[in-house]
Undergrad: 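Once you've had a glance at the structure underneath, I'll fire off some questions.
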Amino acid sequence: MRIAKAEVFPLAIPFSDGSAKTGLMPTKWTHLQIALLRLETDDGIVGWGDGFSYVCFKTTVSAIEEMVLPLVVGAEIDDIPAFNKMLQQRLHLHGRYGISIFAISAVDIALWDIAAKEKGVSVAELLGGRTRTEVPAYASLVRYGDPALVQEYCEKAIGEGYDAVKLHEVTLAAIEAGRAGVGDGVKLVTDVNCNWSAEETAEMMPHMKQLGLYWVEEPLFPPDNEAALSALEKEYGVAIASGENACTAVEFARTIPAITFTQPSVTKVGGISEMAGICAMAAAAGKNVMPHCPYFGPGYWASAQMMAAKPNAEMFEMLYIEADAWLDPSIPLPKEGMVSIPDKPGLGFEPDPDVMKRYAV
Ligand SMILES: [Mg+2]
């Protein structure tokens, strides 16, 4: 394929989640911010991608436009993973982590969309085969901070058919409320987002064991201290998950052997090319991956397609929010806790032009 045209569409779609929105980031999180990339070949085939852009979408948009697209437009591409590596090499002065790899992720996802459309197959087929038609999802609740709300939203998610729930709670009272809300025997986890000190971790982990958590996510800072995370697993007998902020297979080669669950994020890790390699690496080590929430741009579809092709990708992370609109109204949202994988050429993603116009920034 030869890329003839490229355009980035910065979008912000308001959402509600029932929380006070004082969650995890420096600013209140009120909009789904999407750095939507459209690539078009000289044959007129269009591919869509996006790069991670939660609270950094203008930055990601700039990185795509300024750093990556000059290497993409006009390029003849017949091997996407090799092209991805070339982009990483040409841009390595900026680091192969953070914003620069988020931007490369957007391009990589769009290229896989095009390559699959050219062959008239789904991305899952192109990745080696659609091994399943639906994948289990878990409800990834935002941080409410208030035990009563935690219990209420857990009960709501279970009522909708989910049989696994993730909290983003950090206090024992809130996590206990989560267990009360989901009931016994349901997979329950909490994502600490690196908020516990070593002392707090030592105090909390026995409770996490007692509450039967399926994993504890990013308990400590830094989240790439594999030795510390591995030691926690051994000491407390609770699975640890980490890796949503890791990029490329190089970092996952360190993380995969150390802990039970790694969490590659398709819009952060370097796109489908890197994520496919990470899933394969984990499979060779006999481990499952827990893909990080792709949010609701093309990465959502890319995650679903990837999971259809990679049986060791265990559960789809569904951020438990209500958006004012979905970029593609046919988005396969979980039903009874399962996400159906679109079986159309490419990702199966087609944005609604009216939604793009209405939420353009
Ligand atoms: Mg997380």
Side-chain angles (χ1 to χ4, degrees), residues 1-14 31-78 80 83-84 86-88 90-91 94 98-118 123 266-273 294-303 305 323-331 342 344-361:
M1 71 177 86
R2 190 181 160 277
I3 303 301
K5 280 191 226 164
E7 194 174 352
V8 192
F9 301 89
L11 306 170
I13 302 175
H31 289 68
L32 300 173
Q33 296 162 314
I34 302 172
L36 178 67
L37 172 66
R38 180 186 188 277
L39 297 181
E40 184 175 337
T41 67
D42 50 11
D43 301 326
I45 298 177
V46 170
W48 297 95
D50 68 321
F52 184 77
S53 43
Y54 168 17
V55 198
C56 62
F57 82 127
K58 290 178 190 161
T59 319
T60 300
V61 168
S62 295
I64 296 171
E65 288 177 339
E66 186 182 7
M67 293 160 64
V68 187
L69 289 185
L71 299 166
V72 174
V73 177
E76 183 68 47
I77 302 159
D78 52 19
I80 300 170
F83 184 74
N84 184 318
M86 182 282 288
L87 292 177
Q88 292 186 35
R90 292 286 300 275
L91 296 167
H94 309 286
I99 300 290
S100 45
I101 202 92
F102 302 168
I104 291 174
S105 301
V107 169
D108 185 273
I109 292 167
L111 293 176
W112 278 93
D113 190 22
I114 291 171
K117 283 174 179 165
E118 276 181 339
V123 168
V266 74
T267 61
K268 284 181 153 182
V269 80
I272 290 172
S273 300
Y295 303 112
F296 300 101
Y300 186 99
W301 284 257
S303 284
Q305 295 289 346
D324 279 20
W326 302 113
L327 195 42
D328 176 345
S330 75
I331 184 169
K344 296 177 194 164
L347 294 170
F349 167 82
E350 189 58 49
D352 179 337
D354 290 336
V355 176
M356 285 175 65
K357 206 188 268 176
R358 206 176 328 143
Y359 298 101
V361 176

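Atom set for the values below is all heavy atoms of this structure, side chains included, hydrogens, waters and symmetry mates excluded.
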Undergrad: Look up atom CZ in F83 and atom CD1 in I77, then write down how far apart they are to the nearest 0.5 Å.
TA: 4.0 Å
Undergrad: Quick one: does any side-chain atom of D113 pair with a main-chain N or O of G346 as donor and acceptor, under 3.5 Å?
TA: no
Undergrad: Under the side chain to side chain contact (heavy atoms under 4.5 Å, CB included) criterion, do L111 and I3 qualify, and how do the steps go?
TA: CA-CA 9 Å; L111 293 176; I3 303 301; 3.8 Å; yes
Undergrad: Nearest 0.5 Å, what's the CD1-OG1 distance between I99 and T60?
TA: 4.0 Å
Undergrad: Parallel, tilted or perpendicular: which fits the ring planes of W48 and F9, with parallel below 30° and perpendicular above 60°?
TA: tilted
Undergrad: List the steps and the verdict of side chain to side chain contact (heavy atoms under 4.5 Å, CB included) for N84 and V107.
TA: CA-CA 8 Å; N84 184 318; V107 169; over 6 Å; no
Undergrad: Could you state the interatomic distance from CD (E350) to CG (L327), rounded to the nearest 0.5 Å?
TA: 10.0 Å
Undergrad: Give the C-alpha distance, both sets of side-chain angles, the deciding distance and a yes or no for side chain to side chain contact (heavy atoms under 4.5 Å, CB included) between L71 and L91.
TA: CA-CA 10 Å; L71 299 166; L91 296 167; 4.1 Å; yes
Undergrad: With a 4.5 Å limit on heavy-atom distance, are the side chains of C56 and Q33 in contact?
TA: no
Undergrad: Pair I272, L347 - check side chain to side chain contact (heavy atoms under 4.5 Å, CB included), show working.
TA: CA-CA 11 Å; I272 290 172; L347 294 170; 4.3 Å; yes
Undergrad: If you look at every heavy atom in W112 and I80, which pair is closest and at what distance?
TA: NE1-CG2, 3.5 Å
Undergrad: Can you give me the closest heavy-atom contact between L32 and A323, atom names plus distance?
TA: CD1-CB, 3.7 Å
Undergrad: Between E7 and K5, is there a side-chain N and carboxylate O pair less than 4.0 Å apart?
TA: no
Undergrad: Considering all heavy atoms of both residues, which atom of P70 and which atom of E66 are nearest to each other, and what is their separation?
TA: CG-O, 3.5 Å
Undergrad: Which atoms form the tightest heavy-atom contact between G348 and P342, and what is the distance?
TA: CA-CB, 4.1 Å
Undergrad: What's the spacing between T41 OG1 and I114 CD1 if we round to 0.5 Å?
TA: 6.0 Å
Undergrad: Once you round to the nearest 0.5 Å, how far does CG of D50 lie from CZ of F349?
TA: 7.5 Å
Undergrad: A quick test of your reading: do over 12 heavy atoms of other residues, nucleotides or ligands sit less than 6.0 Å from CZ of R358?
TA: yes
Undergrad: Would the distance check show the side chain of D352 and the main-chain N or O of D354 forming a donor-acceptor pair, the cut-off being under 3.5 Å?
TA: yes
Undergrad: Report yes if some heavy atom in the side chain of D324 is under 4.5 Å from a heavy atom in the side chain of Y359; otherwise report no.
TA: yes
Undergrad: Name the one of W301, F57, Y300, F52 that satisfies ring pair (Phe, Tyr, Trp, His ring centres under 6.0 Å) with Y295?
TA: F52
Undergrad: To check you understand the geometry: which heavy-atom pair defines the closest contact between A35 and I64, and what is its length?
TA: CB-CD1, 4.3 Å
Undergrad: Search all heavy atoms of G74 against all heavy atoms of R2 and return the closest pair with its distance.
TA: O-NE, 3.8 Å
Undergrad: When you compare the side chain of L36 with that of P298, does any pair of heavy atoms fall below 4.5 Å?
TA: yes
Undergrad: Could you state the interatomic distance from CD (Q305) to NZ (K344), rounded to the nearest 0.5 Å?
TA: 10.0 Å
Undergrad: For the side chain of S105 and the backbone of G270, is there at least one donor-acceptor N/O pair under 3.5 Å apart?
TA: yes
Undergrad: Has the side chain of S330 got a donor or acceptor atom that lies under 3.5 Å from a matching backbone atom of D328?
TA: no
